[in-house]
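Okay, so here's the structure we're looking at.
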Number of protein chains: 2
Amino acid sequence: MTDKKDHIIDNAIELFAERGFEGTSIRELAAKAEVNVAMVNYYFGSKEKLFEAMVAQKAAYSKGMIDEIVKDKSLSDLEKIDKIIEGFVTRLFTNRKFHRIIHQELMLSKRENLQDTIVNILYPNSAAIKTLIDSAIKKGTFKKVDSALVIASVIGTINHVLLSKKMCNKLFGKEDSHIPYEDPKFIKRVSEHIKEMIHAYLIKTN
Amino acid sequence: MTDKKDHIIDNAIELFAERGFEGTSIRELAAKAEVNVAMVNYYFGSKEKLFEAMVAQKAAYSKGMIDEIVKDKSLSDLEKIDKIIEGFVTRLFTNRKFHRIIHQELMLSKRENLQDTIVNILYPNSAAIKTLIDSAIKKGTFKKVDSALVIASVIGTINHVLLSKKMCNKLFGKEDSHIPYEDPKFIKRVSEHIKEMIHAYLIKTN
DNA sequence: AAAAATCAATTAAACGTTTGTTTAATTCAA
DNA sequence: TTGAATTAAACAAACGTTTAATTGATTTTT
């Protein structure tokens, strides 16, 4: 059943996010998912193919949204940037475990084919924002900024909060508890910060 | 000889950065460093202790600098922020392979003791900047910003450029070549971006 | 409706490799 | 002659994967 494949993938996401791909054994995974060791290879063929199946299934988490916003003619450029930031923060926070796995993978030089797959999924988002910013600069709406690095700042800020867990626990004074990644207030706090910072940088003051 | 220990550590940094800790075998490392497999355990005791020795040796890469800048009474708060950003960018770019390893480690939930060690090394930097920003806000020099997230933006921007290699190759239009991490011009481009963005956000406009 | 056949799902056990580590012998300079 | 450095070989454990047998529900045949 597809049901069971999903169940294995869900458990794999948990383990890969916490222990890494090479750091997770199929026996650990089988134990956590409460299935026989052989089932993983029966359903997916191999550990690597399980990984690919996971990416294929969860890839949609960042699709579509941005294009819709960019095309919306009722929004100003700045309103579009705001909506994109909000969407980004919400989606990455919601899918943070998968996001963590993706970034572990992007850091390494193993499985380069898979890296290309991931980049092909994620990059269009960055490209769309870049186009938006560059055209607004040409129009004279935005200041002449380094658009590639603006994107690095937006995504980098989110990533730092999401990925460097222990570090940010201290930074946000949550040493004994946890950062409330699920709390809408915290999510809003992050997206408001990014929006305000980017506003201050993009908007001409004269 | 300490000479040979360093030689092993240097090769370990290369491999760990590219293939991860679990993804690197002692045999691969021994082959690359051109030493016998047994030498790693002879010198370091175990693979994990090799990792710890590596961290201990390279930890100093971020020490000191910030404290000196913060204490310098000839600098304004904004000048201090600028100097700190420049120092951060330069140091992390210079030690980017080690930095990559550190962040692989921070993402995972294995070897928690080591994580604490790393956080204890890196966090004082973040804390110092936070104190600086918060006191400048109290003085009225800076706008009332979310200082924890400002730090996330500074470090996050650098990390995104340094860690998500394939992604940033595309973002910076270097698909066929490489991002010139060693090029002073590129390093300056990054630190100028961060400084300008943070300026726009921190400085009161009235 | 009962019996037989079919086939995907599931299992425990074993497969051959690779892993980190250790041993015991050897080299080699002090 | 001593003791650290170095080696090839072996170690047990863990790894991803495969096998071959069994289950159990569904379909086909009687």
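Chain identifiers are assigned alphabetically (A, B, ...) following the order of the sequence lines, protein sequences preceding nucleic acid strands; residue numbering begins at 1 within each chain. Please read these numbers as outputs of a predicted model, since none were measured by experiment.
A straight line from OH of A:Tyr42 to P of C:dA8 spans 7 Å, rounded to a whole angstrom. In this structure, OH of A:Tyr43 is placed 17 Å from C1' of D:dT17, rounded to the nearest angstrom. One interatomic measurement links the two molecules: CD of B:Glu48 to P of C:dT19, which rounds to 17 Å at whole-angstrom precision. Computed from coordinates, the A:Phe44 CZ to D:dG16 P distance equals 15 Å when rounded to whole Å. Protein atom CE of B:Met39 is 15 Å distant from nucleotide atom P of C:dT21, rounded to whole Å. Between A:Leu50 atom CG and D:dT17 atom P the separation is 10 Å, expressed in whole Å. What separates CD of A:Glu22 from P of D:dC15 is a distance of 13 Å, to the nearest Å. Distance CG (A:Leu29) to P (D:dT17): 12 Å, rounded to an integer number of Å.
Under 4.0 angstrom from either OP1 or OP2 of D:dT6 there lies no side-chain N or O belonging to B:Asn36. Between A:Lys47 and D:dC15, a side-chain N or O to OP1/OP2 separation shorter than 4.0 Å is absent. Regarding contacts with the backbone of C:dT18, every side-chain N or O of B:Ser25 stays at 4.0 angstrom or more from both OP1 and OP2.
Salt bridge B:Glu22/B:Lys47: absent, no basic N to carboxylate O contact under 4.0 Å. Classification of A:Arg19 and A:Glu28 as a salt-bridged pair holds, one side-chain N sitting under 4.0 Å from a carboxylate O.
With C:dT10, C:dA12, C:dA14 as the candidates, the nucleotide lying closest to the side chain of A:Lys4 is C:dT10. Considering only the side chain of A:Arg27, C:dA14 comes nearest among C:dT23, C:dT21, C:dA14.
Listed for the B:Glu86 side chain is no donor-acceptor partner under 3.5 Å among the backbone atoms of B:Lys83.
Positionally, the nearest nucleotide of DNA chain D for A:Glu28 lies more toward the 5' end than for the other of A:Glu28 and A:Gly45.
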- [ ] Determine, stepwise, if the pair B:Lys143 / B:Leu202 fulfils side chain to side chain contact (heavy atoms under 4.5 Å, CB included).
- [x] CA-CA 5 Å; B:Lys143 276 193 289 189; B:Leu202 289 181; 6.0 Å; no
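Sparse packing is recorded around CD of B:Glu34, with 12 or fewer heavy atoms of other residues, nucleotides or ligands lying under 6.0 Å away.
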